[in-house]
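I have a structure here, written as structure tokens, and I will follow up with some questions on it.
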Amino acid sequence: MMRVVIVLFVFVLIFTGCSSDKTSKIITDSITKPTINTVTNHELDSGQIIYNHNYDNMDRGNHDLEGQVVIDLKYYNDHSISRGDIVYFRNPETKKNLGEYSISRVIGLPGEKVKIEKGQIYINDKLLDAFYGRAHRLGDDLESLKKALERDNIETHIRKNIENNVEYFQQMSMEEIEIPEDHVYLVGDDWSRSNDSRLFGPLPTDKIEGKVAGVVGSP
């Protein structure tokens with residue numbers, strides 16, 4: 001009887017240890033949601049502005065954050081920048097003409113190490129298990145694109161487009177970099193259309209001027 005109890009105890013320890021080790025290699029975000037808030041004109045306050053964002057780098061399949069975007073300029077006066085935030089920032093100088101301002105999502109924070117393997121983001125060697133932690137094209141990630149290719153009723157040009165995105169995501173890798181202090185790492189929600197830290201590197205936090213509060217909409 002004692003032997004059985006000892007064996008069961010050892011099994012529990014091993015199982016718990018494996019589960020704990022697996023959990024310790026994952027970073028989650030239970031706060032950030034993929035939905036975008038709607039803000040009516042009468043809800044705007046003195047600390048908010050309307051920014052006309054005429055680009056699709058944050059499109060998750062519903063023309064998300066294209067057009068009139070509400071920016072809270074005072075938010076970071078009282079709050080820290082958090083992973084998952086969509087920030088309004090001054091573009092750094094690059095060879096591309098990116099315009100003066102843009103918006104993108106915070107993926108990595110100061111002092112963290114970031115790498116990308118086949119379209120999956122890792123923070124300090126931990127898998128970022130969030131809707132924004134892996135490559136997307138119009139809201140579809142690698143797995144959903146692969147599943148779409150299993151269908152027989154796809155037009156040839158659409159199938160080719162999906163195949164190109166699958167290949168792009170599978171090749172999307174980046175060696176690990178460490179984010180300097182007072183910098184963050186940004187990645188847009190539509191990886192194929194986004195100019196972000198993969199292009200210009202970690203962004204100095206003094207270039208961030210506000211947080212996206214939502215889009216202008218009807219009550």
Separation of N91 CG from N195 CG (nearest 0.5 Å): 8.0 Å

Close side-chain approach of T205 and V184, heavy atoms under 4.5 Å: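 Result yes, sub-4.5 Å side-chain heavy-atom pair found.
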
Under the side-chain contact (heavy atoms from CB on, under 4.5 Å) test, residues paired with E178 that sit two or more places apart: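 Listed in chain order: K113.
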
Hydrophobic cluster partners of Y122 (side-chain heavy atoms under 4.5 Å):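 ILVMFWY cluster around Y122 also holds L127.
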
Listed partners of L44 passing side-chain contact (heavy atoms from CB on, under 4.5 Å), at least two apart: V39, N41, Q48, I50, V70

Those residues that, when tested against H63, pass ring-ring contact (aromatic ring centres under 6.0 Å, His included) (two or more places apart): none

Partners meeting side chain to side chain donor-acceptor pair (under 3.5 Å) with D125 (sequence neighbours left out):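 Testing D125 for side chain to side chain donor-acceptor pair (under 3.5 Å), a comparison that skips the adjacent residues, returns K115.
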
Atom pairs and distances, side-chain donor-acceptor, residues 162-169, under 3.5 Å, sequence neighbours left out:
unit_1: N164; atom_1: ND2; unit_2: K160; atom_2: O; d: 3.3
unit_1: N165; atom_1: OD1; unit_2: S192; atom_2: OG; d: 3.4
unit_1: N165; atom_1: ND2; unit_2: N161; atom_2: O; d: 3.0
unit_1: N165; atom_1: ND2; unit_2: N161; atom_2: OD1; d: 3.2
unit_1: E167; atom_1: OE2; unit_2: Q171; atom_2: NE2; d: 3.4
unit_1: Y168; atom_1: OH; unit_2: W191; atom_2: O; d: 3.4

For the student: nearest non-hydrogen atoms of V114 and G108, plus distance: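 Minimum heavy-atom separation between V114 and G108: CG2-CA, 4.3 Å.
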
Contact check, side chains of R198 and I116, non-hydrogen atoms, under 4.5 Å: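 Contact flag for R198/I116 side chains = yes.
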
Results of side-chain contact (heavy atoms from CB on, under 4.5 Å) for D140 - residues two or more places apart only: S144, L145

Closest approach of S197 to P202 (non-hydrogen atoms, all atoms of both residues): OG-CA, 4.0 Å

Hydrophobic cluster membership, Y88 vs V69, 4.5 Å side-chain cutoff: yes

Hydrophobic cluster identity match, L203 and M174, side-chain contacts under 4.5 Å: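 Unlinked, L203 and M174 end up in two clusters.
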
Point-to-point distance, once rounded to the nearest 0.5 Å, from CZ of F200 to CG of L98: 7.0 Å

Where at least one partner belongs to residues 32-45, residue pairs that pass salt bridge (charged side-chain N to carboxylate O under 4.0 Å, His left out), sequence neighbours excluded: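 Pairs touching residues 32-45 that pass the test: none.
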
Over 12 non-hydrogen atoms of neighbours within 6.0 angstrom of CG in N153: yes

For Y55, the rest of its hydrophobic cluster, which grows through side-chain links under 4.5 angstrom: none

Heavy-atom pair with the smallest gap, counting every atom of I71 and I103: CD1-CG2, 4.3 Å

Closest non-hydrogen atom pair between A148 and I154, with its separation: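 Minimum heavy-atom contact is O-CD1, 2.7 Å.
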
Student check: side-chain heavy atoms of L73 and I49 closer than 4.5 Å: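 Contact flag for L73/I49 side chains = yes.
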
Same apolar cluster (I L V M F W Y, side chains within < 4.5 Å links), I179/I81: no

Side-chain heavy-atom pair R193, R137 within 4.5 angstrom cut-off: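 Yes - at least one pair of side-chain heavy atoms lies under 4.5 Å apart.
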
Non-hydrogen side-chain atoms of D129 and I27 separated by less than 4.5 Å: no

Set of residues satisfying ring-ring contact (aromatic ring centres under 6.0 Å, His included) with respect to H183, sequence neighbours excluded: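 Applying ring-ring contact (aromatic ring centres under 6.0 Å, His included) to H183 gives none.
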
Interatomic distance, E117 atom CD to Q170 atom CD [nearest 0.5 angstrom]: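 Separation between the atoms: 14.0 Å.
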
Cluster check I208, V212: I/L/V/M/F/W/Y, side chain < 4.5 angstrom: no

Test side-chain contact (heavy atoms from CB on, under 4.5 Å) applied to Q68 and N52, step by step: CA-CA 5 Å; Q68 293 188 312; N52 289 307; 3.3 Å; yes

Pair listing, side chain to side chain donor-acceptor pair (under 3.5 Å) test, anchored in residues 99-112, at least two apart: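 For residues 99-112, and leaving out neighbouring residues, the side chain to side chain donor-acceptor pair (under 3.5 Å) pairs sorted by first residue read R83-E112, Y101-E209, R105-D189.
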
Where D72 and K74 come nearest, the two heavy atoms and their spacing: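 Heavy-atom minimum between the residues: OD1-N, 3.1 Å.
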
Worked verdict on D56 versus D190 for side-chain contact (heavy atoms from CB on, under 4.5 Å): CA-CA 8 Å; D56 57 357; D190 191 324; 5.6 Å; no

Common cluster, Y132/L109, ILVMFWY with side-chain heavy-atom separation under 4.5 Å: no

Close side-chain approach of I31 and S82, heavy atoms under 4.5 Å: no

Pairing residues for R159 by the salt bridge (charged side-chain N to carboxylate O under 4.0 Å, His left out) criterion, not counting sequence neighbours: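 Checked R159 against salt bridge (charged side-chain N to carboxylate O under 4.0 Å, His left out); zero matches.
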
Donor-acceptor side-chain pairing of Y75 and D85 below 3.5 angstrom: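 No, D85 and Y75 have no side-chain donor paired with an acceptor closer than 3.5 Å.
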
